[in-house]
Amino acid sequence: MRTTGLNGSPKSLMILLPGGDDATYWLNFAFVSALYIFLSYRVFQLTVDLKDTLVPTETNILYRRSAIAFLVLIFFYLIGRSALALSALSTAAHSTPSLSEVMAADSPAAAYHLVSSATAVGNS
């Protein structure tokens, strides 16, 4: 069974030694297993080093860094919310038809269309 994609057969996805006989299969199995164990150990060591570097062992330093990260997160959230509010206000101010534009419309349907389209733009 030879499949492709992310759900492919593992024995046909990692072939380092081409060939179809039994000896090649077991040599390929040994090489791929050794490679897997080496990479797993290396990734483990990298995560340990990152943890030692980024997560302090003293609790007051950890609490201080967490509080600073929380304040920075709230700061950027408030900046984003105010930018969205200002954008919505400027869009609504530019797209709202004046009373003279509504009165100058050819028909009541045209006036309704002017007002409803301006409301839709302001609410989005």
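Connectivity analysis of hydrophobic side chains (ILVMFWY, heavy atoms under 4.5 Å, direct or indirect) links Phe75 to Ile68, Val72, Phe76, Ile79. In this structure, Leu73 stands alone, with no Ile, Leu, Val, Met, Phe, Trp or Tyr side-chain heavy atom under 4.5 Å from its own, directly or through other members.
Within the structure, side-chain hydrogen bond (donor to acceptor under 3.5 Å, both in side chains) pairs that include any residue of residues 54-77 do not occur (at least two apart or interchain).
The side-chain hydrogen bond (donor to acceptor under 3.5 Å, both in side chains) search around Ser33 returns none, not counting sequence neighbours. Taking Phe29 as the reference, Trp26 meet the ring-ring contact (aromatic ring centres under 6.0 Å, His included) condition, with sequence neighbours excluded. Scanning for side-chain contact (heavy atoms from CB on, under 4.5 Å) contacts around Leu78 gives Ile74, with sequence neighbours left out.
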Using residues 36-49 as the side-chain source, report each donor-acceptor pair under 3.5 Å to any protein atom, sequence neighbours left out, with the distance given to one decimal.
| unit_1 | atom_1 | unit_2 | atom_2 | d |
| --- | --- | --- | --- | --- |
| Ser40 | OG | Tyr36 | O | 2.8 |
| Tyr41 | OH | Gln45 | NE2 | 3.1 |
| Thr47 | OG1 | Val43 | O | 3.3 |
| Thr47 | OG1 | Phe44 | O | 2.7 |

